[in-house]
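Each remark here refers to the structure printed beneath this line.
Keep in mind the model is a prediction, meaning the values are calculated, not measured. Below, chains carry the letters A, B, ... as their sequence lines are ordered, and counting in each starts from 1.
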Number of protein chains: 2
Amino acid sequence: MEVCITSLLRDKGFKVTPQRLAIYNMLSSTRSHPNAEMIFNELQAMYPTMSLATVYKTMEILKEIGLVQVLNAGEDSFRYDAVMTNHPHVRCTECGKVEDVYDVNIDAFVNEVSQGTKYQIMGQQFYFHGICPNCQRKNSN
Amino acid sequence: MEVCITSLLRDKGFKVTPQRLAIYNMLSSTRSHPNAEMIFNELQAMYPTMSLATVYKTMEILKEIGLVQVLNAGEDSFRYDAVMTNHPHVRCTECGKVEDVYDVNIDAFVNEVSQGTKYQIMGQQFYFHGICPNCQRKNSN
DNA sequence: TTTTTATAGAAAACAATTATCGAGTAATTT
DNA sequence: AAATTACTCGATAATTGTTTTCTATAAAAA
Ligand SMILES: [Mn+2]
Ligand SMILES: [Mn+2]
Ligand SMILES: [Zn+2]
Ligand SMILES: [Zn+2]
C-alpha cells in the first residue's frame, strides 16, 4: 500500500511528502467517507501546521492518480473514499453518516442502462438515503 | 397543473405569487434540469427585478410541497427537476448537460438493496456520467 | 553536496447558497 | 371597502466549501 502510493506519485511526477502519505493513510484506514474538513480535523493533532488547502490539493492529486474517488451524497460538501471499486452508498438522513452498501451486484443494472441510452457511459454513482440501525433504535425509544 | 401548484401553495400556508408560478412553469416546461442560475437567467427577461435569492427560496418551498426534486449530479451546484418520479440521470462529462435515463426499471435493483441493508431506505438517486451523442460525434471528427 | 523543481501553508479570492431586513403586497378581518 | 395582519420580494451582507496565489522550504536530481 505504502509502496503503491509512493511509486504512483513519483511516476506521475508528484513529490512524495509526509502530508500526502498521512492523508492517504488516514483515508484508507477509515470507512467513514470523510469530507475535507473531517480529514483536516483528524490530522490536526499529528500535523498541527497542515492546512485545509493542502487536504484539497492532495485529494485532487489522489483522484488524478486513481487512488481515491469523490462522493457526492447530496450534501453541501464532497466526501472521499479510498476504496476504488464502484459501490453504492447510503446516507443516514438523521445522523448524516455515509456507509457502503454491500453485497449488491450493480453490473446487470448498469448494463441495462448502458444499452438503453445513446450516451457512452463511463461511470456512475448510486446514492441511497434512509435511516441507519442506530437512529432507528433511538427513534423507537 | 396551474391549479395544482396554486392550491398546494395555499394549503400549506404559502402565498401564491407571480414569481413562484413563473419559476415553477419554467422548470416544468424544460427537460434541461437547470440550476438556480440557469433559472434566474431564463426569467431575467420577463422578470427583470427577480433576484437569485428568490429562486433559491422558491425552490426550497417547491421542494417542501413536493413539486420539485433536487439533483446532485456531482457538480458544484444543485439542479432541479419538476418530474417527481424517481428516475436516473446521466451527465455528459464534455458539455455538462444532464438528461433523463428512460426505459429502465429501477425497482428490482432498489428492492435488492433495501433487503440487503439494515438501513430503512427512504429514497435514492442514480447518476451516470458519460459522453452524449452530440459530443461523441464532435469527437470523431 | 549543490542545484533544480515542486510543494506546503497562509492568506486572499471565489462561487454557491443562506440569512437579514425593510418596504411592499396578498390574504383576512372588520 | 378599509384596515389589519402576515407573508414575501429583492437588495445586501454573511456564510461556507473550495480554489488560487505567493514564497519559503522540502524533495528529487545532478
Ligand atoms: Mn465507500
Ligand atoms: Mn429528470
Ligand atoms: Zn443514523
Ligand atoms: Zn455532451
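One can place CD of E64(B) at 13 Å from P of dC7(D), the figure rounded to the nearest angstrom. Going from atom CD1 of I65(A) over to atom C1' of dT7(C) covers 15 Å, rounded to whole Å. One atom, CD1 of I39(A), and another, P of dG9(C), lie 14 Å apart when rounded to the nearest Å. For the pair L21(A) CG and dA26(D) C1', the interatomic distance rounds to 13 Å; values are reported in whole Å. Here dC9(D) presents its C1' atom at 11 Å from CD1 of I23(B), a figure rounded to the nearest Å. Rounded to an integer number of Å, the gap from CZ of F14(B) to C1' of dC7(D) is 10 Å. Atoms CD (Q44(A)) and P (dA8(C)) sit 16 Å apart, rounded to a whole Å. The nearest whole Å value for the distance from the CZ atom in R79(A) to the C1' atom in dG17(D) is 14 Å.
Both L62(B) and M50(B) are members of a single hydrophobic cluster when ILVMFWY side chains are connected at heavy-atom separations under 4.5 Å.
Of all nucleotides listed (dT12(D), dT19(D), dA28(D)), dT12(D) comes nearest to the side chain of A53(B). The side chain of Y56(A) approaches dT18(D) more closely than any other nucleotide in the set dA27(D), dT18(D), dG9(C). For S77(A), counting side-chain heavy atoms from C-beta on, the closest listed nucleotide (dA26(D), dT18(D), dA6(D)) is dT18(D). Out of dG9(C), dT17(C), dT8(D), the shortest distance to the side chain of R20(B) is found at dT8(D). Listed candidates were dA8(C), dA27(C), dA28(D). Nearest to the side chain of T17(A) is dA8(C). Here the nucleotide nearest the side chain of P18(A), chosen from dA27(D), dA10(C), dT18(D), is dA27(D).
Across every non-hydrogen atom of R91(A) and G74(A), the tightest pair is NH2-O, 4.4 Å.
The aromatic ring centres of F109(A) and F126(A) sit less than 6.0 Å apart.
Distance CD/E64(B) to CD1/I61(B): 7.5 Å, rounded to 0.5 Å. N35(B) CG to N41(B) CG: the interatomic distance, rounded to the nearest 0.5 Å, is 8.5 Å.
The residue among R10(B) and E60(B) whose nearest nucleotide of DNA chain C lies closer to the 5′ end is E60(B). Both T58(B) and A36(A) lie near DNA chain D, and the one whose nearest nucleotide falls closer to the 5' end is T58(B). Nearest-nucleotide mapping onto DNA chain C: of V16(B) and S51(A), the residue sitting toward the 5' end is S51(A). For the pair K57(A) and L52(A), both in contact range of DNA chain D, the more 5′-proximal nearest nucleotide belongs to L52(A).
Here T54(A) lies in heavy-atom contact (under 4.0 Å) with a base. Nucleic acid contact for Q19(B): sugar-phosphate only, since backbone atoms but no base atoms lie under 4.0 Å from a heavy atom of the residue.
For dG10(D), one of the phosphate oxygens OP1 or OP2 lies less than 4.0 angstrom from a side-chain nitrogen or oxygen of T49(B).
Comment: E60(B) does not engage K57(B) in a salt bridge, judged by the lack of any side-chain N to carboxylate O separation of less than 4.0 angstrom.
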